[in-house]
Structures are given as structure tokens and as C-alpha cells.
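Proteins come first, then strands; the chains are lettered A, B, ... in the order of their sequence lines, and each starts at number 1.
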Amino acid sequence: MDKFVNKSSCIYDAKSPRKKIKLESDKRIENEDEGGEFSHPVPWQKIEAEGLDCDYALLFSKEEAHHLFKQLEEEVVYSTGEEAKVQLFGKVHNIPRKQATYGDAGLTYTYSGVTRLACPWTPTLEYIRDAVTKTTVQTFNFVLVNRYKDGQDHMGEHRDDEKELDPLCPIASVSLGAPRDFIFRHRDARGKQSHRQIKPVKLELAHGSLLLMNSPTNTFWYHSLPVRRKISLPRINLTFRRILLGRKK
DNA sequence: AACATTACAAACGG
DNA sequence: TCCGTTTGTAATGT
């Protein structure tokens, strides 16, 4: 069995009050003044493998994360009807989760042959976007919201390799609600006849956490959120992205 | 025109 | 039997 990334390898436990310490790895320090909105540096955990480069941190306290989850439950309007379906191998399926797209005016996002228009940012999505921006020193103009009502809702293995994404901008994934397993698999280690034996990278995405998927992770590694039948509580995931203006082809 | 597929379900294995 | 993982899919959009 592959070991999950051990959360206890963080500098300190998220459940305890955050201490003021400066870390080389804290991306926040560069653009932050003392006593600002985020006076507590985030301890980052580096996750690396061949062609995989991610950073993981607990961005929100349990209390704040709970509040944000509640606000999103009130604000976010999810796609229905045709927008909630996907066509694959010639068959139409309902997606096994709920999905919504928000972002700057006029932006569109296409995957699996379906193009969606970004809804205008809600106050809570803007708040979370700004918190992620302050932490990562990156700007984002779009967010894909996925809501998993319980452990039966899931997302299959895929890469975020759409052409309209800025290839050098990381994808910032914020998790709220039930913790869920998240699995990366190298593209050369998939399928029955794969020559290479590269172990999957597995982690658990905690309530209030932020996972940064840096380039070139999405070129070489697929990721999925598998079914976990024992989980009965919902999870909301926000993936902030930078979409290039002016559609490319 | 090759190629990949954000879906499910059947087949396995523990 | 239950749960998790792997395999096949055979149409379509890029």
C-alpha cells in the first residue's frame, strides 16, 4: 500500500493556534507587511516526484473554513440540465457531482466538448480568491467550483491541460468540508501495458486547505478524486485558474 | 487523421 | 460481501 502524505510532517498542527514564524518556503512573506490581514505565515509542504511539483498548506482555520463553506452553500448556483452532462465514448452521462463556473466578465472555459460562460464573482468567491492571491503571489481570473455531496460523488482521472489555461500559472485548489483522498498518477504508469512503474502520489485534502499544482505537473500527471463510500458529508472544491484572454486555437 | 477521453460498469483481489 | 482498483469502452471532438 502506498503511504499517504503524512500531514504531521507540517511544521505544526493546524488545530493548534498558528505561531508567528518565518519560513523560507512561505510564499506570503514576500508581499506582506506585519500586522496585515494575514499575519500568520502558512507552513508549506512540498510534494515532489518526477515531473510533479505541488505545494500544500492549511490556508484557513477550521472556524473560518466552516464559515466560508456555509456562505458558498448560500451563494453558489450550480449548473443544471445540459450544462450538467458530459459526453464520453459516445454516451451522455450526468456528471457525478455539481459544478459551477465563476470569473471575470466574458471568460469561457471548455472541457469535454462543453463550453461554459463564467458567472460574475460572488463576494465569498472574491474573498477566497484574494486570500489565495495574497498567499501565492499569483492572480486568477476564473474558478471552477465542484461540489461533492458525499463519498459517492467523485471525479475521474484527468489532466487540467486545456489550451486556454496559462501554462505557467499554477492551479490553486481550495478544499472546504469533508476531507477527501486525492490521487496523482503518472501518464506513463497508466494502463495494463505501461512500461514504467511509477508509484501514485496520494494525499488527503483537508478542510480549509490549499493545494498548488505547479507547472509541469499537469503535463505528466493525471489526478482524480475517487469514490469513498464511507464519507457522508459534502465537500466543495474551488480550482482557481488563469485563462488566457483571446481564445487560442 | 491520429489521438485522447473529467463517464460507467464488469472483472478482480483483499 | 463490501470496498477499492483496474480494464474496456468503440463515438466524438480536437
No-hydrogen, no-angle side-chain donor-acceptor test under 3.5 Å, [X] and [Y]:
X: A/Glu75; Y: A/Thr124; answer: yes
X: A/Asp53; Y: A/Asn214; answer: yes
X: A/Arg116; Y: A/Thr108; answer: no

With nearest nucleotide decided by heavy atoms, which residue, A/Thr110 or A/Lys91, maps closer to the 5′ end of DNA chain C? A/Lys91
On DNA chain C, does the nearest nucleotide to A/Val114 precede the nearest nucleotide to A/Leu88 from the 5' side, or the other way round? Give the residue. A/Leu88
Can you list the steps and then say if A/Trp221 with A/Arg187 is a side-chain contact (heavy atoms from CB on, under 4.5 Å)? CA-CA 6 Å; A/Trp221 292 76; A/Arg187 67 178 186 189; over 6 Å; no
Any residue of residues 147-162 of chain A with a heavy atom less than 4.0 Å from an atom of DNA chain C: none
If we take the P atom in both C/dA10 and B/dA1, what is their distance in whole Å? 24 Å
Is the terminal nitrogen or CZ of A/Arg190 (NZ for Lys, CZ for Arg) located under 6.0 angstrom from the six-membered ring centre of A/Tyr222 and within 45° of that ring's axis? yes
What donor-acceptor contacts under 3.5 angstrom involve side-chain atoms of residues 83-96 of chain A, with partners at least two apart or in another chain?
{"unit_1": "A/Lys85", "atom_1": "NZ", "unit_2": "A/Asn94", "atom_2": "OD1", "d": "3.2"}

Secondary-structure stems, DNA chain B, at least 3 Watson-Crick or G-U base pairs under 3.5 Å: B:2-5 with C:11-14, B:7-14 with C:2-9
Mind checking salt bridge (charged side-chain N to carboxylate O under 4.0 Å, His left out) for A/Glu48 and listing every partner two or more places apart, or none if nothing turns up? none
Could you work out the complete set of other residues in the hydrophobic cluster of A/Leu117, with links drawn between I, L, V, M, F, W and Y side chains under 4.5 Å apart? none
Using the heavy-atom set of chain A and a strict 4.0 Å cut-off, write down the first and last nucleotide of DNA chain B that makes it in, 5' to 3'. B/dT5 to B/dC8
